[in-house]
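Throughout, protein chains are lettered first and strands after them, A, B, ... in sequence-line order, and every chain is numbered starting at 1. Everything numeric in this text was worked out from a predicted model, so none of it was measured.
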Amino acid sequence: MRITSGTWLILGLLALWEASARLGWVDSPNWPALSQVLAALAADMATGELPARICGSLWRMGAGLAAGGLAGVLTGLAFALIPLTARLFGVVVELLRPIPVPAVIPPLVLFLGLDDPMKITVVALTVFFPVLTNTLQGVQAVEPDSIAMGRTFGIGPLRRAGFIILPAALPAILAGFRVALALALVVTVVAEMIAGEQGIGSYLVLMQFAGRAPEMYGVIVLLAALGYALNRGFVALERRLIAWWYAAGREAA
Amino acid sequence: MSLTRRTALAAALATPLAAPAFAQGALTRMRVSVIPVLDVAPLHAAIREGFFAAEGIEIDTSTTAGGATGLPGLVAGQFRVVFSNVVSIMLGVREGLDFRFVSGASRAKDSPPDILALLVRKGSGIRTGRDLEGKRLASNTRNNIVWLRGMAWVEKTGGDWRRVNTVEVPFPQMADALAGGQVDAAIFSEPFVAAALETHGDRLERIGWPMSETAPGGTNAQYVAMADDLARNGDLFDRFGRALHKGVDWVNERQGQPALLELISAFSRVPLARLQNTALPAYPKAVTSAELDEIVATMTRYGLGGRYPASASLIFRTARG
């Protein structure tokens with residue numbers, strides 16, 4: 001890997017972390033040195049407990065992402081293509097959108113319980129809005145010419161939506177998913193912190209109560225790495241899915 | 001002939017009732033809301049030692065970071081049983097929620113050390129509740145047992161509790177907040193007392209025991225269930241109570257022994273070395289009218305009064321000594 005200035009900055013900050021704990025600049029047991037944190041993280045990975053919890057969290061996140069994403073894309077398409085739906089539901093969506101998801105967790109607990117259905121719904125709700133907004137804008141930005149051309153060739157409205165509009169709007173939709181992905185991980189952990197024994201979130205609470213700061217920060221470091229890896233993975237996927245868009249972009253530039 | 005047949009039928013019907021232990025694979029699942037604290041040691045002992053399984057019950061514990069989701073979850077039917085502190089339970093009862101005590105969980109010991117301690121910075125000169133007037137006192141939550149016993153301690157040591165500014169600070173952050181000067185005093189519960197003295201012992205000191213100094217042996221926390229669930233499934237809760245109380249016996253027989261600390265360390269993840277300096281509560285089985293009357297009187301004294309039902313009516317048969 002090529003070492004860029006950004007990498008040096010991260011290494012510098014990590015070194016500062018280590019030094020601040022070792023040299024007592026921050027004198028608290030709740031500020032363990034990076035080396036202790038990594039040792040604790042390695043120990044918890046080795047027992048197999050943490051990998052199992054990560055898998056559980058990723059599964060919940062993935063399920064919420066899929067459900068919320070699909071709903072977002074379908075609603076976005078409907079809003080853009082069938083004006084009546086936008087008139088009917090647009091206001092409702094705009095009213096619900098600014099509500100912070102953690103604020104609606106208590107009613108969700110009431111209706112959906114404390115298990116996976118509640119946690120996945122929380123993630124799906126978080127994912128829904130950025131995907132919806134981006135889908136809507138992506139569809140509205142599709143060149144009218146290509147839609148008109150489809151119509152000229154006698155392609156029906158459903159096939160037009162699926163084979164002309166959706167691919168053309170895909171770059172915007174994927175941008176929405178990228179925003180949603182980062183939020184999804186955050187919200188999954190928050191939902192797991194509320195109740196239950198599964199996932200990274202509950203592990204964070206447990207370690208906080210047990211006063212085990214190195215383990216707690218170990219999970220936080222892990223979450224940072226996980227979020228970074230997910231984003232990198234998504235970008236790679238994006239480049240394959242809409243290679244034509246990047247190619248066109250490069251030509252234009 | 002008909003007599004034997006009837007006997008056989010009766011025996012067949014009675015078997016599952018008389019010997020739930022034989023109904024393997026048909027365990028009744030009960031979800032219990034807990035907090036990862038020392039008080040729930042008997043529950044974990046009963047799970048680990050198979051006392052619940054022997055009664056045909058499978059316990060599914062759900063850990064919450066505080067009382068915030070436990071009691072509402074009970075009302076919403078998410079939990080069959082909730083572990084909570086007595087003040088939060090009684091405030092729910094005051095609001096008309098049909099909580100019933102199914103078992104005691106923990107209470108203060110008669111003399112120090114007890115599970116709550118009041119810590120200040122060394123050299124701050126704060127010694128009594130009177131010194132705390134106009135100062136900032138941290139409690140993990142307002143209007144719970146920690147806060148209530150803290151206010152009682154302030155008054156007992158000559159202060160006016162209304163003049164003390166209570167600040168909500170979660171237990172895990174209390175030692176830093178106190179050492180860093182964000183608060184002037186803090187009411188810690190174990191094992192956070194032991195943790196704070198272990199790590200900040202050069203800067204913090206203990207000046208009081210809010211429980212044993214204001215209410216020796218006083219009530220602290222219990223297990224509750226909903227009245228209608230108890231009315232419909234009394235037998236299940238009888239079995240729950242029996243199993244839990246075997247867990248209480250298990251714990252009480254091992255006071256001061258490594259086996260108990262190992263159990264607590266296993267479910268709470270608190271390092272074993274720290275638990276050796278940790279004060280444990282007393283683990284009662286029963287809930288008495290007297291302790292509920294005491295807490296209602298204390299709550300009324302510190303601004304949490306109201307119309308409370310007769311305390312005896314709140315105690316389910318499993319919690320009667």
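Using modelled atom types, one side-chain atom of A:R212 and one backbone atom of B:R269 make a donor-acceptor pair closer than 3.5 Å.
Residue A:R97 qualifies as open at atom CZ: its count of foreign heavy atoms under 6.0 Å is 12 or below.
Considering every non-hydrogen atom in both A:L114 and B:Q78, the closest pair reads N-OE1, 3.6 Å. Across every non-hydrogen atom of A:Q208 and B:Q173, the tightest pair is NE2-NE2, 3.1 Å. In this structure, A:A210 and B:P271 approach most closely via the heavy-atom pair O-CD, 3.8 Å. For the residue pair A:F209 and B:F192, the shortest heavy atom distance occurs at O-CZ, 3.2 Å.
The residue among B:T199, B:D176, B:V37 with the most heavy atom pairs within less than 4.5 Å of chain A is B:D176. Heavy-atom pairs under 4.5 Å with chain A peak, among B:P172, B:A76, B:P170, at B:P172.
A distance of 12.5 Å separates CE of A:M193 from OG1 of B:T63, quoted to the nearest 0.5 Å.
Proximity to chain A involves both the backbone and the side chain of B:T61, based on heavy atoms less than 4.5 angstrom apart.
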